Amino acid sequence: MSYIIEVKDLFKTFQTKEASVDALKNISLRIEEGDVYGIIGMSGAGKSTLVRCLNFLERPTSGTVTVEGRDLSSLSDAELRKLRGSIGMIFQSFNLLMQSTVISNVMFPLEIAGMKKSAARQKAKELLRTVDLSDKELAYPAQLSGGQRQRVAIARALATDPKILLCDEATSALDPQTTQSILQLLRRINREMGVTIVVITHQMSVVREICSNVAIVEAGNLVESGRVVDIFSHPRSAAAKRLIIEGKDPDEWQVPQEERPAPAKTGFLRELRGSRCIRIVFSTNSAYEPVIANMILRFGAPVNILKADTKDVGGTARGEMILGLPEGRELQQEMIAYLRGRKLDVEEIELNGGEVDR
């Protein structure tokens, strides 16, 4: 297995006048060549610091970052600059030259690298075709929509033929429809160009849509990592459960319990303290049989459907349900065995005051 990025025992501490702040604590992860890898967490979790450590725009306090088999801490400044040429970056704020045309923005890194202007212009035209902006090459950024500006930023990031593309909250400033189009573009770039993409985001929908693997960062710690489909099916950490089972945006995690809205009177967040609840995940192969209805008919006992949803995970529709089981331990065990016998992923969860127990 070929890893294009390897991070081992990474720490990053910032010194302030008052105290030191540990932004990253003992982070270790591996990213395969050609993967689309997500790093997700709330504001202040450390994910943006982590992505800046991947190209040494931030130097780690300790630990190692290896890119294409080279330990970045061992490189000279000149070697590091050369390696960064194979790592493109796009940002939430686009970072375009507002007084330059679209094509000039794309040509800029090529001219800085010493390419002749005619060759740079030809390559910029090709890249604008790739991002579907051929008709905007003479426009200025102020004349473009947010999605179009991000497409220019992507074209510019691809100008140096990078092997890795780091996307730091690249869709956070965009509306849902535009976000979808940008994600489709990134997926096409990954598929057609073989570029490894690292997506930094606070949106679980982005991770589900485009990423194969994900790392969840909370308070500077890597709390869970693995395949997106596996974490969706069996979230282990409290952070993953907040994302997947409760469906909460990471920016809501920092809201104190006493300031959160009261649980809904209907649906999943109802008072069910002490109830035995399970979460089941359906794949496209298991979605056609009326499993729950058949189970109720077989055992002659009702179940409480607390939550039901369908999400796109890596291009595959996956449904999930949270069920409150009837009383009786033996009956509950038989129902769980029945569901597992239908090749469904089943896990027990605890509800505490209507929320998933952390």
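It should be emphasised that the depicted structure is a prediction, and the values quoted were computed from it without experimental measurement.
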Do the side chain of [X] and the main chain of [Y] share a donor and acceptor less than 3.5 angstrom apart?
X: T196; Y: E33; answer: no
X: E224; Y: S237; answer: yes
X: Q150; Y: S93; answer: no
X: S20; Y: T16; answer: no
X: Q333; Y: E330; answer: no
X: R236; Y: K241; answer: no
X: R121; Y: M107; answer: no
X: S100; Y: N105; answer: no

[atom1]/[X] to [atom2]/[Y] distance, rounded to the nearest 0.5 angstrom?
X: I305; Y: I322; atom1: CD1; atom2: CD1; result: 12.0 Å
X: L96; Y: Q99; atom1: CG; atom2: CD; result: 12.0 Å
X: R70; Y: L80; atom1: CZ; atom2: CG; result: 9.5 Å
X: Q143; Y: T101; atom1: CD; atom2: OG1; result: 10.0 Å
X: D22; Y: F11; atom1: CG; atom2: CZ; result: 8.0 Å
X: R151; Y: S145; atom1: CZ; atom2: OG; result: 8.5 Å

Assigning hydrophobic clusters by single linkage (Ile, Leu, Val, Met, Phe, Trp, Tyr; side-chain heavy-atom cutoff under 4.5 Å), is [X] placed with [Y]?
X: I182; Y: L144; result: yes
X: I112; Y: L158; result: no
X: L57; Y: V67; result: yes
X: F56; Y: I200; result: yes
X: L110; Y: I90; result: no

If every non-hydrogen atom of [X] is compared with every non-hydrogen atom of [Y], which pair is closest and at what distance?
X: P141; Y: M98; answer: CB-SD, 3.6 Å
X: Y37; Y: S225; answer: OH-CB, 4.1 Å
X: I231; Y: G226; answer: CD1-N, 3.6 Å
X: L331; Y: A301; answer: CD2-CB, 3.8 Å
X: I27; Y: G220; answer: CD1-O, 3.5 Å
X: V303; Y: I296; answer: CG2-CD1, 4.0 Å

>> side chain to side chain contact (heavy atoms under 4.5 Å, CB included) for Q332 and R329? Distances and angles first, verdict last.
In response: CA-CA 5 Å; Q332 292 169 352; R329 187 77 181 179; 4.0 Å; yes
Under 3.5 Å side-chain donor-acceptor pair for [X] and [Y]:
X: D35; Y: N213; value: yes
X: D168; Y: S48; value: yes
X: T171; Y: Q203; value: yes
X: T178; Y: D175; value: yes

> Passes side chain to side chain contact (heavy atoms under 4.5 Å, CB included), I216 versus L222? Steps please.
Replying inline: CA-CA 6 Å; I216 300 173; L222 179 61; 5.7 Å; no
Looking at [Y] and [X], is there a salt bridge between them, counting it only when a charged N and a carboxylate O are closer than 4.0 Å?
X: E169; Y: K47; result: yes
X: K123; Y: D161; result: yes
X: E218; Y: R242; result: yes

What I'd like to find out is whether the side chain of [X] reaches to under 4.5 Å of the side chain of [Y], using heavy atoms alone.
X: V65; Y: D71; answer: no
X: I278; Y: I280; answer: yes
X: C167; Y: L186; answer: yes
X: V195; Y: N190; answer: no
X: L344; Y: V281; answer: no
X: R59; Y: R52; answer: no
X: L10; Y: N26; answer: no
X: I39; Y: V217; answer: yes

> On the ring face of Y338, is R342 found with NZ or CZ under 6.0 Å from the centre and within 45° of the axis?
Replying inline: yes
What do you reckon, is [atom1] of [X] surrounded by more than 12 foreign heavy atoms closer than 6.0 Å?
X: F108; atom1: CZ; result: no
X: K163; atom1: NZ; result: no
X: Q15; atom1: CD; result: yes
X: E192; atom1: CD; result: yes

> What residues form a salt bridge (charged side-chain N to carboxylate O under 4.0 Å, His left out) with R191, not counting sequence neighbours?
Replying inline: none
>> Just to verify, what does E6 make a salt bridge (charged side-chain N to carboxylate O under 4.0 Å, His left out) with, not counting sequence neighbours?
In response: R30
> How far apart are the C-alpha atoms of R187 and E209, what are their side-chain angles, what is the distance that settles it, and do they pass the salt bridge (charged side-chain N to carboxylate O under 4.0 Å, His left out) test?
Replying inline: CA-CA 9 Å; R187 186 158 44 197; E209 175 72 24; 3.0 Å; yes
> Do T64 and D9 pass the side chain to side chain contact (heavy atoms under 4.5 Å, CB included) test, and can you show the C-alpha distance, the side-chain angles, and the key distance before you say yes or no?
Replying inline: CA-CA 7 Å; T64 60; D9 303 329; over 6 Å; no
> side chain to side chain contact (heavy atoms under 4.5 Å, CB included) between I40 and V214: does it pass, once the steps are laid out?
Replying inline: CA-CA 7 Å; I40 187 169; V214 64; 3.9 Å; yes
> Residues two or more places apart in sequence or in another chain: which of them pass ring pair (Phe, Tyr, Trp, His ring centres under 6.0 Å) with Y140?
Replying inline: none
